[in-house]
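Some notes on the structure that comes next.
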There are 2 protein chains.
Amino acid sequence: MNFSSSEENYIKSIYHLQQSCELVNTNAVAATMHTRAASVTDMLKKLKRKKILQYERYKGFKLNEQGKKHALGIIRKHRLWEYFLVEKLGFAWDKIHPIAEELEHICSDELITKLNDYLGNPAFDPHGDPIPDQHGRIPNRKQLSLNILPLKQTVKVSAVGNQSTQMLEMLKHYHIGIGTQLSVTKRFSFDGSLEIKVLKFPNCIISASVAKNIFVHHDK
Amino acid sequence: MNFSSSEENYIKSIYHLQQSCELVNTNAVAATMHTRAASVTDMLKKLKRKKILQYERYKGFKLNEQGKKHALGIIRKHRLWEYFLVEKLGFAWDKIHPIAEELEHICSDELITKLNDYLGNPAFDPHGDPIPDQHGRIPNRKQLSLNILPLKQTVKVSAVGNQSTQMLEMLKHYHIGIGTQLSVTKRFSFDGSLEIKVLKFPNCIISASVAKNIFVHHDK
DNA sequence: AAATAAATTTAGACAAATCTAAAAAATATA
DNA sequence: TATATTTTTTAGATTTGTCTAAATTTATTT
Ligand SMILES: [Mn+2]
Ligand SMILES: [Mn+2]
Ligand SMILES: [Mn+2]
Ligand SMILES: [Mn+2]
């Protein structure tokens with residue numbers, strides 16, 4: 001089956017939303033995609049006709065196995081291109097998303113196979129998000145948000161939950177990137193802010209809202 | 001001004017056609033783009049409205065300076081991506097065109113600047129066609145078709161006029177690629193076929209119709 | 001349970017890009 | 001020059017993706 005760029009954007013959006021709830025609702029898709037609920041409903045009918053979506057009027061919807069598989073294919077392409085843009089072309093972290101948003105719709109299996117080989121079969125994109133393999137399998141890694149990490153455990157940053165320029169600026173200031181080693185040395189109950197120790201740098205303090213967006217994992 | 005992928009494809013097609021005639025005609029565009037004359041007329045009105053085309057009903061048309069500039073930008077992107085696909089991803093010559101046909105529409109000036117730098121600012125694409133620079137300037141190189149090259153002059157292959165799988169197969173068989181050194185040793189007036197000497201290989205004979213599609217240049 | 005609010009869908013419109021079939025203009029031919 | 005042929009344009013339709021405004025269904029409050 002073949003899908004247009006627009007259909008693919010909806011598929012991807014629904015996929016991401018259904019990771020955190022059983023059934024997805026119309027308004028949520030409209031909000032994340034910056035369209036209107038009526039447009040979403042139109043697309044739902046089309047995706048149901050194409051048999052990649054379970055959907056009943058007024059009851060919510062979710063991708064079926066076929067739909068999820070296709071979503072993972074698009075996400076794979078998106079994240080491989082992001083990796084390319086950062087690692088090969090030298091783009092900054094916060095500039096790559098809109099470009100990958102276009103590149104992900106280029107359809108050629110051979111292109112993706114060759115790009116993947118060229119990049120060395122990377123497992124994570126520059127934001128720390130996992131890259132599904134050609135069968136749609138995702139490397140899963142136990143990770144937790146920095147603001148629930150117990151004190152004094154040395155961990156590595158595995159991903160960031162917010163990929164804005166503002167967040168990048170903040171992380172740069174703290175010398176934090178994907179893979180950075182750090183530990184939490186103190187937690188202030190007043191506002192939930194944390195004192196952390198970043199490897200090779202003096203202790204510093206970060207707010208709870210920043211910490212919430214930093215995901216870490218233990219050891220290698 | 002912003003252009004859709006479809007508009008860009010028309011612009012590119014008109015640009016190529018007007019390289020070999022003063023005014024382009026509707027049917028020629030329809031033929032090269034595999035659309036219908038009526039669709040071309042619709043698009044001509046649109047491109048005229050956007051002020052990149054000189055066009056009068058029934059009289060033919062051509063891109064103005066603005067239009068030519070935009071065409072060169074698209075061609076630059078197309079050829080840079082083709083170079084990437086062959087030199088970095090290891091694609092064969094005859095598989096890259098449809099992929100570049102999509103990639104050329106991705107719009108990000110920074111992407112093209114960085115891609116160009118990454119590729120080492122190449123001057124020619126894998127088919128030997130010149131890559132316009134960021135100002136739309138084309139490196140021009142005096143080249144001539146192999147079937148009008150005088151005997152015994154040693155030249156280098158600079159481009160091929162036919163980029164099909166069939167042509168690639170043929171050229172591979174003759175050990176000919178872009179940059180290959182060769183000379184014409186004999187010309188048969190019966191059917192215009194040529195005997196050529198490819199560097200490091202024994203003499204061989206090629207037909208006039210193959211020769212017509214091989215372009216060569218002297219020295220360096 | 002009725003009234004109100006929120007979420008969702010339908011109805012109807014629009015722009016972009018394409019098509020077919022018919023009309024009009026330009027060109028070639030007898 | 002009149003007729004035939006080719007080229008180009010117009011008229012009108014279709015598909016895709018979007019929108020607004022109104023109707024409908026579901027959920028939440030009194
Ligand atoms: Mn996208
Ligand atoms: Mn990412
Ligand atoms: Mn194209
Ligand atoms: Mn080329």
Side-chain angles (χ1 to χ4, degrees), chain A residues 1-14 17-18 20-63 67 70 74 98 101-102 104-107, chain B residues 1-14 17-18 20-63 67 70 74 98 101-102 104-107:
Chain A
M1 186 91 73
N2 239 47
F3 296 98
S4 68
S5 293
S6 191
E7 288 170 329
E8 287 192 336
N9 285 334
Y10 278 96
I11 292 167
K12 200 162 53 111
S13 166
I14 295 168
L17 287 167
Q18 77 185 30
S20 53
C21 59
E22 183 54 31
L23 283 176
V24 184
N25 48 289
T26 308
N27 273 347
V29 175
T32 59
M33 295 194 62
H34 308 103
T35 54
R36 300 316 181 106
S39 310
V40 176
T41 303
D42 288 343
M43 186 56 83
L44 292 175
K45 288 176 189 165
K46 191 141 67 110
L47 296 180
K48 187 182 185 178
R49 238 184 300 127
K50 290 198 169 188
K51 295 188 196 304
I52 59 162
L53 191 77
Q54 286 170 37
Y55 165 53
E56 257 188 294
R57 267 157 92 254
Y58 293 107
K59 303 291 183 196
F61 46 89
K62 64 177 175 184
L63 295 173
H70 195 81
I74 306 163
E101 203 55 50
E102 297 191 52
E104 71 189 355
H105 304 294
I106 306 250
C107 56
Chain B
M1 186 93 70
N2 239 45
F3 296 96
S4 68
S5 293
S6 191
E7 288 170 328
E8 288 193 335
N9 286 334
Y10 278 96
I11 291 167
K12 199 163 52 113
S13 166
I14 295 168
L17 287 167
Q18 78 185 28
S20 52
C21 57
E22 183 54 29
L23 284 175
V24 184
N25 47 291
T26 308
N27 273 348
V29 174
T32 58
M33 295 193 63
H34 308 104
T35 55
R36 299 316 180 107
S39 310
V40 176
T41 303
D42 288 343
M43 185 56 82
L44 292 175
K45 288 175 189 165
K46 193 142 63 111
L47 295 181
K48 186 181 185 179
R49 236 185 301 127
K50 290 198 169 189
K51 296 188 196 303
I52 59 162
L53 192 77
Q54 286 169 37
Y55 165 54
E56 257 188 293
R57 266 157 93 254
Y58 293 107
K59 302 290 183 199
F61 45 89
K62 64 177 176 185
L63 296 173
H70 195 83
I74 306 162
E101 203 56 48
E102 297 192 52
E104 71 188 358
H105 304 294
I106 306 252
C107 54

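In the text below, chain A, chain B and the rest are named by the order of the sequence lines, each starting its count at 1.
- Nucleotides of DNA chain D nearest to B:Lys59 and A:Thr35 differ in position, and the one nearer the 5' end is that of B:Lys59.
- Atom NZ in A:Lys50 sits roughly 12 Å away from atom C1' in D:dT15 (whole-Å rounding).
- Residue B:Asn25 places none of its side-chain N or O atoms closer than 4.0 Å to OP1 or OP2 of D:dT7.
- Counting atom types as modelled, A:Tyr58 pairs a side-chain N or O with a base atom of D:dT24 as donor and acceptor under 3.5 Å.
- Closest to the side chain of B:Thr41, out of D:dT9, C:dT10, C:dT18, is D:dT9.
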Enumerate donor-acceptor pairs with a distance under 3.5 Å from any side-chain N or O in residues 25-36 of chain A to protein atoms, sequence neighbours excluded.
unit_1: A:Thr32; atom_1: OG1; unit_2: A:Ser13; atom_2: OG; d: 3.2
unit_1: A:Thr32; atom_1: OG1; unit_2: A:Ala28; atom_2: O; d: 3.3
unit_1: A:Thr32; atom_1: OG1; unit_2: A:Val29; atom_2: O; d: 3.2

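- Atom CG in B:Leu44 sits about 10 Å away from atom P in D:dT8, given to the nearest Å.
- Proximity of B:Ser6 to the phosphate of C:dT18: a side-chain N or O atom is located under 4.0 Å from OP1 or OP2.
- A side-chain donor-acceptor contact under 3.5 Å links B:Gln18 to the backbone of B:Leu63.
- For the pair B:His34 NE2 and C:dC19 P, the computed distance is 12 Å after rounding to whole Å.
- B:Tyr10 comes within contact range of the sugar-phosphate backbone alone, with a heavy-atom separation under 4.0 Å but no base atom that close.
- Atom CG of B:Asp42 and atom C1' of C:dT20 are 12 Å apart (whole Å).
- With contacts defined as side-chain heavy-atom distances shorter than 4.5 Å, the pair B:Ile52/B:His70 does not qualify.
- In this entry the distance linking CE of A:Met33 with C1' of D:dC19 reads 15 Å, nearest Å.
- Straight-line distance from the CZ atom of B:Arg49 to the P atom of C:dA15: 11 Å, rounded to whole Å.
- A:Asn9 CG to A:Glu101 CD: the interatomic distance, rounded to the nearest 0.5 Å, is 5.0 Å.
- One finds a side-chain N or O of A:Lys45 lying less than 4.0 angstrom from the OP1 or OP2 phosphate oxygen of C:dT10.
- Proximity of B:Ser39 to the phosphate of C:dT18: no side-chain N or O atom is located under 4.0 Å from OP1 or OP2.
- Contact annotation: A:Arg57 does not reach the phosphate of D:dT26 (side-chain N/O to OP1 or OP2, under 4.0 Å).
- OP1 or OP2 of C:dT8 has at least one side-chain nitrogen or oxygen of A:Asn27 nearer than 4.0 Å.
- Among D:dT18, C:dT9, C:dT20, the nucleotide with an atom closest to any side-chain atom of B:Arg36 is C:dT20.
- Rounding to whole angstrom units, CD of residue B:Glu56 and P of C:dA25 are separated by 14 Å.
- The OH-C1' distance, from B:Tyr55 to C:dA25, rounds to 12 Å in whole Å.
- One N or O on the side chain of B:Lys50 and one on the backbone of B:Asn2 form a donor-acceptor pair closer than 3.5 Å.
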